[in-house]
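Indexing begins at 1, ligand by ligand and atom by atom, following the structure's order. Values below: every heavy atom of this structure, side chains too, minus hydrogens, waters and symmetry copies.
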Amino acid sequence: MYDVIVIGSGPAGYVAAIRASQLGLKTACIEKSFDSEGNSQLGGTCLNVGCIPSKALLDSSHRYSDAINHFSDHGIAVGKPKLDISKMMDRKKKIVSQLTSGVSGLFKANKVIQVLGHAKIIDANHVEVTSKDSSEIIETKNIVIASGSSPINISVAEVNHKDIVDSTGALEFEAVPKKLGIIGAGVIGLELGSVWSRLGSEVTVLEAMDEFLPMADKRIAKDVFKEFNKQGLNINLGCKVTSASSSEKAVNVTYENDGNISDLKVDKLIVAVGRKPNTDNLLDQKCGLSVDEKGFIPVNDFCETNVQNIWAIGDVVRGPMLAHKASEEGIMVVERIAGKHADMAYDLVPSVIYTHPEVAWVGKTEEELAEAGLEFKTGSFPFAASGRALATGESTGFIKVIADKKTDTILGVHAFGPSAADIVQQGVVAMEFGASAEDLGLTIFSHPTVSEALHEAAMAVNGQAIHIGNRKK
Ligand code: FAD
Ligand code: NAD
């Protein structure tokens with residue numbers, strides 16, 4: 001009998017399993033994916049076909065584009081860089097395999113039992129595991145569902161894994177498509193669109209909504225839209241794809257915009273219209289757990305489901321589909337199973353788009369605060385006024401700090417610019433400790449760093465920034 005069975009080994013599941021074992025709970029993690037040698041493929045979407053491989057390609061493609069477009073600004077002449085796409089892909093594969101085998105090593109070190117097979121919950125104490133040639137029932141005191149998510153398919157553009165692909169296929173092109181179409185201007189569309197655009201594709205993005213990045217700060221969304229179009233992502237809003245068919249020569253896409261029908265011919269088409277929770281064949285009817293109309297498992301703030309001792313975390317439950325949110329839920333849940341008082345600061349989950357420049361934010365936007373009728377003040381600082389940003393030649397964008405009008409407590413940090421993810425992370429730490437804009441303004445920041453822009457934006461909240469004219473009356 002186990003104390004905890006974790007279903008799925010993505011960033012939600014593997015982190016939950018390791019922490020459960022650290023807490024002295026007898027733990028097994030069931031994973032259905034396996035590699036070419038029949039061993040468990042640990043790490044889930046994040047390590048295998050998500051965060052990590054996409055960041056490997058974002059980094060490689062950024063270096064390539066830097067060599068072409070920016071080395072000469074620094075007085076470095078390198079001639080025309082030559083692209084070896086198979087080497088770039090090999091590098092990506094090596095990083096993935098280093099990290100996935102790292103999870104396997106961590107399981108061994110922490111005495112987490114790995115079980116290979118598809119898990120189905122029979123009831124709160126029994127899980128059926130089916131592998132290629134066997135099936136067994138495992139007994140447990142608690143079940144943590146961490147079965148993750150998969151790309152959404154749309155009937156008008158069915159993925160054929162050749163020239164109409166999802167995000168997984170878009171990480172594996174063997175050559176740079178001359179013309180690339182992307183359905184969806186969300187995080188994947190922007191990140192993978194950037195990768196292939198930097199490597200030479202002519203990229204057209206078709207987004208159904210009229211608004212670009214509706215979850216981001218309005219001014220940032222506007223600047224990001226302008227910048228990415230300048231970089232070569234041709235982003236078209238309000239475009240409803242009506243069909244996509246593949247012929248020998250091209251993928252023919254038809255879409256409607258404002259009543260007008262247009263055609264687009266591309267070599268490859270990426271469908272990036274969101275992800276859906278993995279709950280297929282996961283729940284036996286008898287187990288008493290149900291899923292909502294979109295397939296998510298309903299949970300409360302502690303990730304408890306409606307059945308006692310069954311918990312659900314990560315992409316399979318509500319909230320942003322992010323690896324760090326998934327892992328933190330994993331830790332919270334097993335700590336609660338171990339009898340600790342853990343909870344999770346859902347309002348402090350940061351978001352990042354790993355383009356260049358990066359887009360990142362935490363907390364509330366001005367629009368959300370205004371809608372809630374809360375009074376606030378803001379301070380902004382442009383990277384063009386940051387000495388370090390200018391020295392590196394990356395001074396696009398700005399950072400904004402939002403604070404409560406009366407108490408000065410920081411309510412949000414929003415950035416578009418160099419190292420935005422790491423800078424906003426400092427805002428997350430400040431907010432976790434309930435800091436005010438003044439607190440951040442009184443903190444010493446190393447000079448010259450791009451982080452100084454956060455310092456200045458925090459000081460600007462109260463009209464005290466040094467390197468811009470912002471004095472409040
Ligand atoms: P998953 O990682 O999806 O893992 C679920 C695991 O459960 C899988 O291994 C699956 O095989 C297994 N499983 C499912 N059902 C069963 C079953 N019945 N029995 C046994 N095993 C089962 N997030 C970020 O925070 N930062 C990023 O930069 C980022 N980049 C991304 C880039 C791309 C291209 C994509 C697609 C996603 C990206 N994400 C990113 C999102 C991130 O990958 C997910 O939020 C995260 O992986 C969710 O973790 P999870 O553990 O809930 O699920
Ligand atoms: P998304 O929800 O970010 O974006 C999907 C976009 O597709 C939306 O803008 C939506 O309006 C649009 N869309 C939906 N249906 C459409 C249609 N029929 N035609 C045209 N446009 C359509 O989803 P995604 O980009 O697929 O990413 C999936 C998840 O993975 C996200 O929830 C994200 O959190 C996660 N992810 C995170 C990161 C990161 O943290 N940097 C990176 C990649 C993915």
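- Not a single heavy atom of Gln41 sits under 4.0 Å from any atom of ligand 1.
- Looking at ligand 2, you'll find an N or O of Met321 within less than 3.5 Å of one of its N or O atoms.
- A heavy-atom separation below 4.0 Å is found between Ala272 and ligand 2.
- Look at Val241 and you'll find every heavy atom at least 4.0 Å from all atoms of ligand 2.
- Ranking the protein heavy atoms by distance from atom 51 (O) of ligand 1 puts Ala12 N, 3.0 Å first.
- Residue Arg275 has no N or O atom closer than 3.5 Å to an N or O atom of ligand 2.
- Between Glu31 and ligand 1, a contact under 3.5 Å exists for at least one N or O pair.
- Put simply, part of Val49 is less than 4.0 Å from ligand 1, judged by heavy atoms.
- In this structure, the protein non-hydrogen atom closest to atom 3 (O) of ligand 2 is Val187 N, 3.3 Å.
- Considering Ser150, Ala323, Ser167 only, the shortest heavy-atom separation from atom 24 (C) of ligand 1 involves Ala323.
- Between atom 42 (C) of ligand 1 and the options Pro11, Cys51, Pro350, the minimum heavy-atom separation is to Cys51.
- The proximity of Ile7 to ligand 1, defined as any non-hydrogen pair under 4.0 Å, is limited to the side chain.
- Distances from atom 2 (O) of ligand 1 to the heavy atoms of Thr45, Leu322, Asn278 show the closest one on Thr45.
- Contacts with ligand 1 closer than 4.0 Å are made by no heavy atom of Lys325, backbone or side chain.
- Within the structure, the closest approach of Lys120 to ligand 1 does not fall below 4.0 Å when heavy atoms are considered.
- The protein non-hydrogen atom at the shortest distance from atom 7 (O) of ligand 2 is Gly184 CA, 3.3 Å.
- Comparing heavy-atom distances from atom 5 (C) of ligand 1 across Ala146, Gly50, Gly8, Ser54 singles out Ala146 as nearest.
- Note: no N/O pair closer than 3.5 Å links Ile154 and ligand 2 by distance alone.
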